[in-house]
Number of protein chains: 2
Amino acid sequence: MSSAQRLPTMADVAERAGVSPSTVSRALRGLPSISSEVRARVEEAARELNFAVSRQAASLVTGKTGVVAALVPTLNSWFHGSALSSLGPLVRAAGMELSVYLTPDMAERTAFFERLPARRNADALVVFGFDLTDEETVRLDDLGMPVIYVSQHAEGRPSVYVDDVEGAWKATRYLLNLGHRRIAFAPTVGTNGFCFSSRERLLGYRQALTEADIPLDDGLVVTMAFEDRRNIEEGVGKLLSLREPPTAVFAEMDELAIAIIHFLRRARVRVPEQISVIGFDDHQIAQWTDLSTVAQSPSDMGRLAGELALELIHDSGADRKRHLVLPTHLIPRSTTAPPAAPQRDEEDR
Amino acid sequence: MSSAQRLPTMADVAERAGVSPSTVSRALRGLPSISSEVRARVEEAARELNFAVSRQAASLVTGKTGVVAALVPTLNSWFHGSALSSLGPLVRAAGMELSVYLTPDMAERTAFFERLPARRNADALVVFGFDLTDEETVRLDDLGMPVIYVSQHAEGRPSVYVDDVEGAWKATRYLLNLGHRRIAFAPTVGTNGFCFSSRERLLGYRQALTEADIPLDDGLVVTMAFEDRRNIEEGVGKLLSLREPPTAVFAEMDELAIAIIHFLRRARVRVPEQISVIGFDDHQIAQWTDLSTVAQSPSDMGRLAGELALELIHDSGADRKRHLVLPTHLIPRSTTAPPAAPQRDEEDR
DNA sequence: CTGAAAGCGCTAACAA
DNA sequence: TTGTTAGCGCTTTCAG
């Protein structure tokens with residue numbers, strides 16, 4: 001509605017309060033060296049004029065932008081959405097702004113690392129869930145600001161992540177404890193070239209099986225493409241048509257687990273009676289559908305990364321190599337159960 | 001890694017390229033009045049020094065911040081995640097930054113409208129999916145920048161939204177066409193006080209029934225709290241224990257529909273054979289689980305809102321009251337079917 | 001405790 | 001086509 005009328009400046013406030021601009025500046029920033037009487041007068045004048053400090057002007061002299069930047073491949077995902085949802089308010093509470101850089105595809109990603117648009121426009125960068133090349137990591141080093149890595153280990157640089165190997169190990173171990181011996185693993189890949197933590201989770205899965213003296217069977221590892229219904233359907237078909245089908249499936253992420261359950265049930269396979277399914281994430285929908293899963297907390301990661309960022313911004317002597325490894329928790333719900341007592345013969349009974 | 005060494009300024013680039021700072025400014029902004037020879041030299045110098053323009057300094061003189069701000073209740077939601085995922089790259093492509101304000105709870109929301117932190121820190125604000133009070137809307141009017149409303153009608157102000165009434169009408173009409181007569185509606189509420197489009201969708205649902213001469217039955221409208229598994233479970237129980245249970249359920253959002261289907265199946269009710277379920281959104285998971293739904297496109301909304309914002313920023317004469325109403329599409333998948341020929345008697349058979 | 005003055009890095013007249 | 005000059009609105013010495 002209102003058009004480009006000139007916004008009030010500190011000088012306006014100063015005049016109205018009958019003091020100098022520097023006094024206004026000090027009063028508004030809550031510096032101690034201001035008499036409470038003057039402070040009150042300044043604050044009132046500011047309110048009356050609807051005055052807001054120009055961050056641009058302030059940062060020009062302080063050298064701080066008052067901005068925390070976040071780099072995410074997409075926001076259209078439970079993980080990143082949750083992480084930023086906790087990072088945002090934290091940044092706000094510190095009186096700073098949250099700036100978001102999205103790189104949904106390879107072109108955007110390349111452009112980001114080429115131009116580094118965040119340079120000079122933020123005081124810290126939080127990088128979420130990328131699988132960065134060494135080259136990219138090095139590039140970020142001369143961004144001139146602290147860079148915090150979330151959901152990935154960055155050697156010698158501040159990082160926050162969960163132990164994916166252990167998480168996958170727990171899921172697999174749990175299924176073994178229930179009595180399962182034929183356990184499938186369904187890793188997933190994104191269409192946009194971004195990968196999740198398949199590698200680590202596969203490792204944990206294998207480790208648990210090996211410890212239990214169960215031979216690895218590559219036929220039980222079936223990648224199912226994220227975002228492709230047909231592909232998931234076929235993957236499920238592949239598992240069901242094995243000579244010896246699995247009695248349990250560990251899906252790399254909850255959303256995939258939900259889809260797998262859907263196709264199993266459509267094929268008249270009962271979950272968990274005939275096949276158990278467990279996911280990874282503890283996505284909200286896992287609660288709603290009572291899905292067994294391994295919980296990780298992206299919101300904790302976002303929060304910790306934010307705190308780390310603020311600390312690195314304000315205390316240049318802070319430890320710049322800190323790694324925070326968060327725990328995962330097994331959450332057994334109703335999509336897992338012991339295998340049916342007799343090794344079932346396919347459709348029979 | 002690298003610490004707070006002084007970043008190169010335009011003066012540094014100018015010196016290195018052997019020209020004046022203003023020439024550097026012009027060259028880097030791609031203004032026409034620069035010989036290509038000089039431009040090349042400047043660009044090279046800038047690259048060598050790893051120079052990036054300080055937006056702060058530039059905006060101080062231009063009066064533009066180069067920032068588009070987005071106000072969202074949370075990012076932890078399919079709708080907002082998708083919308084911002086399309087808004088972000090668009091803003092970047094225009095050479096601007098995306099700044100995000102999150103108001104996960106009432107306190108943050110109040111604080112935002114009280115302090116209007118976006119003022120002076122952005123050139124436009126895109127407000128997503130709030131159910132704003134008149135007071136809040138008016139407050140945004142004197143923000144000193146164009147404000148674009150997404151997923152809500154704001155009288156006399158630019159808005160982008162879908163016709164929820166019509167969408168709900170389509171879903172209900174489709175179920176009627178299949179032969180259903182007992183159709184339930186499951187609206188949902190968020191725990192954080194933010195509501196979705198329940199009101200409009202209820203209207204559409206009722207309208208379709210009325211047109212079909214089917215009496216409205218409030219027992220068939222059961223609100224199920226978003227984010228509360230138990231509550232959804234109970235809601236499903238409520239429907240199943242009606243004297244005359246529904247043969248179809250229209251859920252306000254896909255995620256709720258998925259949960260409803262889950263509990264129906266757990267109760268040994270076959271979907272869609274015994275009860276049809278349809279959602280609203282066309283959430284990604286709807287594809288994976290083959291859920292019938294009414295599609296809306298938050299990414300289209302984000303894109304259109306972004307384009308509108310850019311237009312309003314650059315062309316102050318643009319129409320500031322434009323309303324863009326996007327279509328919804330019925331997507332029949334496999335969770336809906338005609339009702340079973342004989343009216344089933346509960347558990348029987 | 002408060003004011004005056006200088007300058008942060010850039011762009012936009014105005015000259016040349 | 002390029003250089004010179006004067007600020008943009010704020011914070012920060014340094015005086016008082």
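Everything quoted here is computed from the prediction, not taken from an experiment. Numbers restart at 1 for each chain; the letters A, B, ... are given by sequence-line order, proteins then strands.
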For this session: May I ask you to verify whether the side chain of B:S35 and the base of D:dT2 hold a donor-acceptor pair under 3.5 Å?
Result: no
Exercise. B:E37 has an atom CD; how far is it from atom C1' of D:dT2, in whole Å?
Worked result: 12 Å
Exercise. So which heavy atom on A:H80 is nearest to which on A:V72, and how close?
Worked result: CD2-CG1, 4.0 Å
For this session: Take B:A57 and B:G18, find for each the nucleotide of DNA chain D with the closest heavy atom, and name the residue whose nucleotide sits nearer the 5' end.
Result: B:G18
Exercise. Checking all strands, does A:S33 fall into the base, sugar-phosphate, or nothing category for heavy-atom contacts under 4.0 angstrom?
Worked result: base
For this session: Let me know the distance between CZ of A:R55 and C1' of D:dC10, rounded to the nearest Å.
Result: 13 Å
For this session: List the steps, then state whether side-chain contact (heavy atoms from CB on, under 4.5 Å) holds for B:E108 with B:L102.
Result: CA-CA 8 Å; B:E108 307 261 6; B:L102 284 157; over 6 Å; no
Problem set entry | Atom-pair distance (NZ on B:K64; C1' on D:dG9), nearest Å | 17 Å
Exercise. Could you give the start and end, 5' to 3', of the contact zone on DNA chain C for chain B, using atoms under 4.0 Å from its heavy atoms?
Worked result: C:dG9 to C:dA13
Exercise. Please walk me through it: do B:L7 and B:F51 pass side-chain contact (heavy atoms from CB on, under 4.5 Å)?
Worked result: CA-CA 8 Å; B:L7 292 166; B:F51 171 79; over 6 Å; no
For this session: Answer with base, sugar-phosphate or nothing: what part of the nucleic acid does B:R29 contact at a heavy-atom distance below 4.0 Å?
Result: sugar-phosphate
Problem set entry | Residue of the set B:L308, B:V150, B:L324 for which side-chain contact (heavy atoms from CB on, under 4.5 Å) holds with B:P158 | B:L308
For this session: State whether B:E43 and B:R39 are salt-bridged, where the test is any N-O pair (Lys NZ or Arg NE/NH1/NH2 against Asp/Glu carboxylate O) under 4.0 Å.
Result: no
Problem set entry | A:V147 versus A:L143, closest heavy-atom pair with distance | CG2-CD2, 4.2 Å
For this session: Write down the distance between CG (A:L60) and P (D:dT11), rounded to a whole number of angstrom.
Result: 11 Å
For this session: Look at A:E37 together with A:R41 and state whether they make a salt bridge at an N to O cut-off of under 4.0 Å.
Result: yes
Seminar exercise, completed: When rounded to whole Å, the CD to C1' distance for the pair A:E15 and D:dG9 reads 15 Å
Exercise. A:D12 has an atom CG; how far is it from atom P of D:dG9, in whole Å?
Worked result: 9 Å
For this session: Take atom CZ of A:R26 and atom P of D:dC10, then tell me their distance rounded to the nearest Å.
Result: 15 Å
Exercise. So what does A:S22 touch, heavy atoms closer than 4.0 Å: a base, only the sugar-phosphate, or nothing?
Worked result: base
